Engineer: 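Quick one: the structure is below, and I'll ask about it shortly.
Every chain is numbered from 1, with letters handed out A, B, ... down the list of sequences. Being a predicted model, the structure only gives us computed values, none of them experimental. Note: hydrogens, waters and symmetry copies are ignored here, and every other heavy atom, side chains too, is used.
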2 protein chains.
Amino acid sequence: MFALPQIASSPAVPSASRASRASAESAERLVSQVRREAVAETLQLLVRTLAPRKGLVHAGDMIYRAGDPFGCLYILNSGLVKIVKLTPDGREQMVGLKFRGDWLGFDGIARAGYGCDAVAMDTGEVWAVRYDALLVACGRHPALLTALHEAMSRVISRDRDTLMSVCTLPADARVANFLHDWAQSLGARGLRTDHITLRMTRAEIGNYLGLTLESVSRALSKLAREGMISFVEKGRREVHIPDLEALAGFVQRALCVERVVLQ
Amino acid sequence: MFALPQIASSPAVPSASRASRASAESAERLVSQVRREAVAETLQLLVRTLAPRKGLVHAGDMIYRAGDPFGCLYILNSGLVKIVKLTPDGREQMVGLKFRGDWLGFDGIARAGYGCDAVAMDTGEVWAVRYDALLVACGRHPALLTALHEAMSRVISRDRDTLMSVCTLPADARVANFLHDWAQSLGARGLRTDHITLRMTRAEIGNYLGLTLESVSRALSKLAREGMISFVEKGRREVHIPDLEALAGFVQRALCVERVVLQ
DNA sequence: CGTTCGATTGAGGAAGATCAATTAATGTGG
DNA sequence: CCACATTAATTGATCTTCCTCAATCGAACG
């Protein structure tokens, strides 16, 4: 028998709990430190236990399509993949961006078919794992089950962060936050966080963030003017970020000053 | 050895695939039919295999808080729960809404602590399951593991739908879509879809949808004027939906006419 | 019966979308 | 290799949507 301290307790006690919230933030930072090794370890674990089928993809290749019958989960060993949903009227909406170590296709488990398209944005290597085989292997290797659950959990956390960004941030900050998340994702994988190669057009970024391509362009120009980012010469898709913390500060400032939405 | 037909195929072939997309829509409808029994069955399965600790909650009770150490997953047997994230500056942002049969706390698995608050919005019964005990039980009962994975998968799908709604729909349609989703969730649980008791203020709805309370109020008034919904007398929190399909149509129309965002 | 909280509705203003023109980069055929 | 076509990005000028501010109304509560 175990205790359930939170359940059936008295109604919200905001004053007492505010202080403890700050720890959640620092814990979050810790997680991304831990993951730096975890990503590689999980990939190794997969190789050892499942010998996944490896496939090479190029920009524009579809890894799976919405409506395809579900059978496999995919793990990105390298490259960049966007997750795209088709609106009923045929328009596209990007709903996710995947990096090395990320899993793809979780949305197919419950519906027995994928809910989105997964499109490669760059040359990369994708590993395919049959879901039924994975479950069998999880029985033998508990660490594999842990890795699977953590991957799903991380998707859920990340999606919520994205939703919050879209709901609360003004255009400038939304773009800044997008760049910051991207850089942080690179950092969590042991890569440099001061340089991003955007493998997408302004229109695609805007689509992801719920903005027009002009708004994205203006936001990027403003961020460049303020020195938060700079473009490496010849081509505006290579972004240099001199100070990641400063970029995070830009996002925070927008939160405090702008958009109140509740109350 | 198995085939990977999608991988390393030629770049996107939009024209050929458009037709097959429609089937994804009808499949989606099928899923919600199936779930009508699935929700109850899964709950029974949990009772049989784990004897979860049951707790009663009232409106305002916290089931867990952001930052609390992760230990349990929670399953909602009845009632209504909102998932709330705290912004770094102390403001709240609602990022999810949970109904009977929904699981809570998945975001805690990867971070070892919950990332959000879960707050009851109504009297209800919440079952708590220790995550470690659940994993052990999953070893004995494969159906339990399936149920767990489907629950996580559904959260991922649903979150993406929410993101898409926020990114693509204008205020009116966003509110209409919110009501439609709610009614559909009720339908998937065998309840009537023509009546919703909103257990939240306009401010809370607006917070969830990225709108102000005034915009929500205006949208509801407009929907009522156009006959898409009506308020049952005395109190504007009981919404009657005469025709759910018509409401879906309202959302679709907004998609086609309005906001292009990409291209 | 007055107070409080939530909802509605209107008027003005600001953020961002739309439209349009220009510039920059990439690709193509001669 | 260069003129030309094509696509992406930038920037400016309007216009629309939705936010903000404010007043009013209704319902619930003590």
Side-chain angles (χ1 to χ4, degrees), chain A residues 11 59-60 91 121 165-179 197-226 229-239 253-255 257-263, chain B residues 11 59-60 91 121 165-176 178-179 197-226 229-239 254-255 257-263:
Chain A
R91 206 160 291 289
M121 307 192 69
S165 156
V166 170
C167 277
T168 62
L169 295 177
D172 307 337
R174 226 179 289 179
V175 174
N177 188 57
F178 169 75
L179 295 175
T197 304
L198 297 172
R199 289 205 161 70
M200 44 200 313
T201 65
R202 304 291 190 251
E204 280 179 304
I205 297 171
N207 179 258
Y208 186 38
L209 300 177
L211 300 169
T212 58
L213 65 102
E214 292 95 333
S215 292
V216 173
S217 181
R218 273 185 254 267
L220 288 172
S221 296
K222 184 179 177 186
L223 289 172
R225 262 199 310 279
E226 300 198 6
I229 63 171
S230 61
F231 296 101
V232 295
E233 55 170 335
K234 290 285 180 191
R236 313 128 302 237
R237 288 198 189 174
E238 306 273 315
V239 175
R253 234 170 300 140
L255 256 178
V257 180
E258 299 276 347
R259 198 76 61 86
V260 182
V261 176
L262 180 60
Q263 279 184 8
Chain B
R91 205 158 290 289
M121 308 192 69
S165 158
V166 170
C167 276
T168 63
L169 295 178
D172 307 337
R174 227 180 288 178
V175 174
F178 169 75
L179 296 175
T197 304
L198 297 172
R199 289 205 160 68
M200 45 200 313
T201 66
R202 304 292 191 251
E204 280 178 305
I205 297 172
N207 179 258
Y208 186 36
L209 300 177
L211 300 170
T212 58
L213 66 102
E214 293 96 332
S215 292
V216 173
S217 182
R218 273 184 253 268
L220 288 172
S221 296
K222 183 180 178 185
L223 289 172
R225 263 199 310 279
E226 299 197 7
I229 63 170
S230 61
F231 296 100
V232 294
E233 55 169 336
K234 292 283 181 190
R236 312 128 304 238
R237 287 199 190 173
E238 305 274 313
V239 176
L255 257 178
V257 180
E258 299 275 348
R259 201 74 63 84
V260 183
V261 176
L262 180 59
Q263 276 188 9

Engineer: Take the protein atom CD of A:E214 and the nucleotide atom P of D:dA9, then report the distance between them rounded to whole Å.
Structural biologist: 11 Å

Engineer: What is the separation between atom NZ on B:K222 and atom C1' on C:dG10, rounded to the nearest whole Å?
Structural biologist: 17 Å

Engineer: Using the closest heavy atom to pick a nucleotide of DNA chain C for each, name whichever of B:S221 or A:D172 lands nearer the 5' end.
Structural biologist: B:S221

Engineer: Could you check how far CZ of B:R202 sits from P of D:dC25, rounded to whole Å?
Structural biologist: 19 Å

Engineer: Please give, in whole Å, the distance from D:dC19 P to B:N207 CG?
Structural biologist: 12 Å

Engineer: Rounding to a whole Å, what distance do you find between A:I205:CD1 and D:dA9:C1'?
Structural biologist: 11 Å

Engineer: Whether the side chain of A:R218 and the base of C:dT18 hold a donor-acceptor pair under 3.5 Å is what I'd like checked.
Structural biologist: yes

Engineer: Go through D:dT20, D:dA8, D:dC19 for me and flag the one nearest to the A:T201 side chain.
Structural biologist: D:dA8

Engineer: Base, sugar-phosphate, or nothing for B:R237, non-hydrogen atoms under 4.0 angstrom?
Structural biologist: sugar-phosphate

Engineer: What is the distance from CG of A:L169 to P of D:dC18, rounded to the nearest Å?
Structural biologist: 19 Å

Engineer: Can you name the nearest heavy-atom pair linking B:C167 to A:Y208, along with the distance?
Structural biologist: SG-O, 3.8 Å

Engineer: Of the nucleotides C:dT8, D:dC18, C:dG16, which has the atom closest to the B:A171 side chain?
Structural biologist: D:dC18

